[in-house]
Amino acid sequence: MARVLMFGRLADLAGWRDRLIEAPTVSALRAHLDSLDAQLAEALAGPGVQVALDQVLLRGDAPLNPNSEVAFLPPMSGG
Amino acid sequence: MARVLMFGRLADLAGWRDRLIEAPTVSALRAHLDSLDAQLAEALAGPGVQVALDQVLLRGDAPLNPNSEVAFLPPMSGG
Amino acid sequence: MIRLLQQSFDPGAELSAFCQGRQEVGAVASFTGIARAEQGRTETLELEAYPGFTEAAIGEIAREAETRFGLQAYLILHRVGTIAPGEPIVFVATASAHRREAFEACDFLMDYLKSRAPFWKKETGPDGSRWIEPRASDLTDLARWETKP
Amino acid sequence: MIRLLQQSFDPGAELSAFCQGRQEVGAVASFTGIARAEQGRTETLELEAYPGFTEAAIGEIAREAETRFGLQAYLILHRVGTIAPGEPIVFVATASAHRREAFEACDFLMDYLKSRAPFWKKETGPDGSRWIEPRASDLTDLARWETKP
């Protein structure tokens with residue numbers, strides 16, 4: 001169970017910003033999200049989209065625990 | 001008769017900042033000031049000292065009328 | 001100090017407080033970014049941040065600016081939420097002994113905040129809403145600060 | 001607008017007023033110069049201007065900045081008289097559509113005000129008073145703005 005956060009246009013596409021999802025790893029979580037919605041799957045794979053695990057940018061995969069927070073971040077536009 | 005203004009260290013040297021002086025031209029006024037005080041004369045001839053007639057910087061000589069304002073300006077230090 | 005604000009704020013009040021009691025500072029530069037109406041084309045601006053992550057990312061750059069420009073103090077305020085035209089979006093103030101460093105640090109921080117800081121921005125106008133991606137000129141501005149190898 | 005002030009002022013209040021109602025401005029840069037105590041070496045600063053002449057000279061440069069940087073507005077406040085450490089000496093605010101122009105105009109005006117503007121400055125400390133001449137670095141800063149032939 002991880003807390004999953006969506007930001008910017010990813011949140012608009014997903015239709016939610018904050019949800020609890022059961023998954024053992026980030027890649028498993030990602031596969032689950034991809035299976036939900038083809039348009040969201042495409043956006044998550046888009047250029048510049050980054051993933052943060054517990055508020056730190058992540059490259060590659062990582063295991064999840066019940067307190068994990070996974071955020072999907074579209075390209076940062078600045079303020 | 002012209003109104004003569006001294007600024008910055010020139011005013012300190014002259015001992016005054018604002019005085020009415022009778023002179024037909026700026027150069028005559030200058031000669032008069034030089035005759036008053038050798039130290040002031042030297043300072044007025046120093047590098048970067050400028051003269052303004054009626055609030056406009058002056059090069060060379062010019063006649064004075066009773067309403068003329070002549071200002072002696074040490075190098076401008078900025079604020 | 002870095003603060004994300006849900007409500008509008010007064011840049012002047014922040015500047016007054018920031019300048020207070022700085023007997024050895026000499027130079028305070030500031031920048032205020034204001035939401036433009038774009039002649040009615042923009043009605044509102046929505047700014048989203050990732051609380052915690054966004055402040056941490058800005059904090060890293062602010063510490064870099066402190067070291068690089070010898071800042072004595074800085075203040076970074078950034079609006080989030082819904083912003084109306086004419087409201088301030090961002091306020092940066094930098095304090096230094098001399099003005100060159102204060103200006104450059106303020107400029108540096110603004111380039112970062114406008115181009116790479118973790119915000120997501122949506123403009124709403126008469127034709128609907130759209131998410132804004134970084135402008136090319138923001139990235140060009142930022143490139144000025146990169147030291148050549 | 002250009003104003004010489006005999007009394008101390010609040011830079012923040014000036015910035016608030018300057019930002020007010022600017023729906024199409026986008027970018028406001030400001031600079032506040034504060035009298036430094038220099039660890040007790042400076043007790044007071046006296047600034048002398050030539051009323052009329054000083055404002056006119058600053059106005060000429062301000063109009064140059066308006067054209068060169070496409071300013072929508074500017075405000076220049078400068079103290080004259082006796083200034084205590086910690087008091088603001090100068091405040092410049094510039095408003096423009098984009099931040100690059102606002103920053104550059106503010107920087108340009110400050111370089112002029114600190115190096116060539118018609119002010120005469122006397123510092124008084126424990127060892128007495130002395131008139132200050134332009135600093136070499138002020139003239140170097142100013143040279144940045146001169147266009148090559």
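Residue numbers begin at 1 in each chain, while the letters A, B, ... track the order of the sequences. For the numbers below, each heavy atom of this structure counts, side chains included, while hydrogens, waters and symmetry mates do not.
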Among C:Leu113, C:Ile89, C:Leu45, C:Val90, which residue has the highest count of heavy-atom pairs closer than 4.5 Å to chain A? C:Leu113
Given side chains that start at C-beta, do those of A:Gln55 and C:Tyr50 come closer than 4.5 Å, heavy atoms only? yes
Given side chains that start at C-beta, do those of C:Trp120 and A:Pro74 come closer than 4.5 Å, heavy atoms only? yes
If you compare all heavy atoms of C:Glu48 against all heavy atoms of A:Met6, which two are closest, and at what distance to 0.1 Å? OE2-O, 4.1 Å
For the residue pair C:Lys114 and A:Gly79, what are the closest heavy atoms and their distance? NZ-O, 2.9 Å
Do any N or O atoms from the side chain of C:Ser115 and from the backbone of A:Gly78 form a donor-acceptor pair under 3.5 angstrom? no
Relative to chain A, which segment of C:Ala57 carries a heavy atom at a distance below 4.5 Å: side chain, backbone, both, or neither? neither
Heavy-atom proximity to chain A below 4.5 Å, by part of C:Lys122: side chain
Test C:Phe119 against A:Met76 for side chain to side chain contact (heavy atoms under 4.5 Å, CB included), laying out the working first. CA-CA 6 Å; C:Phe119 291 103; A:Met76 296 160 186; over 6 Å; no
Counting only heavy atoms not in A:Glu42 (residues, nucleotides, ligands), do more than 12 fall under 6.0 Å from its CD? no
Supply the atom-to-atom distance C:Arg130 CZ to A:Asp12 CG, rounded to the nearest 0.5 angstrom. 14.0 Å
Using side chain to side chain contact (heavy atoms under 4.5 Å, CB included), reason through C:Phe53 and A:Glu69 one step at a time and then give a plain yes or no. CA-CA 12 Å; C:Phe53 180 87; A:Glu69 181 178 286; over 6 Å; no
So if I take each residue of residues 44-51 of chain A and look for any heavy atom under 4.5 Å from a heavy atom in chain C, which residues do I end up with? none
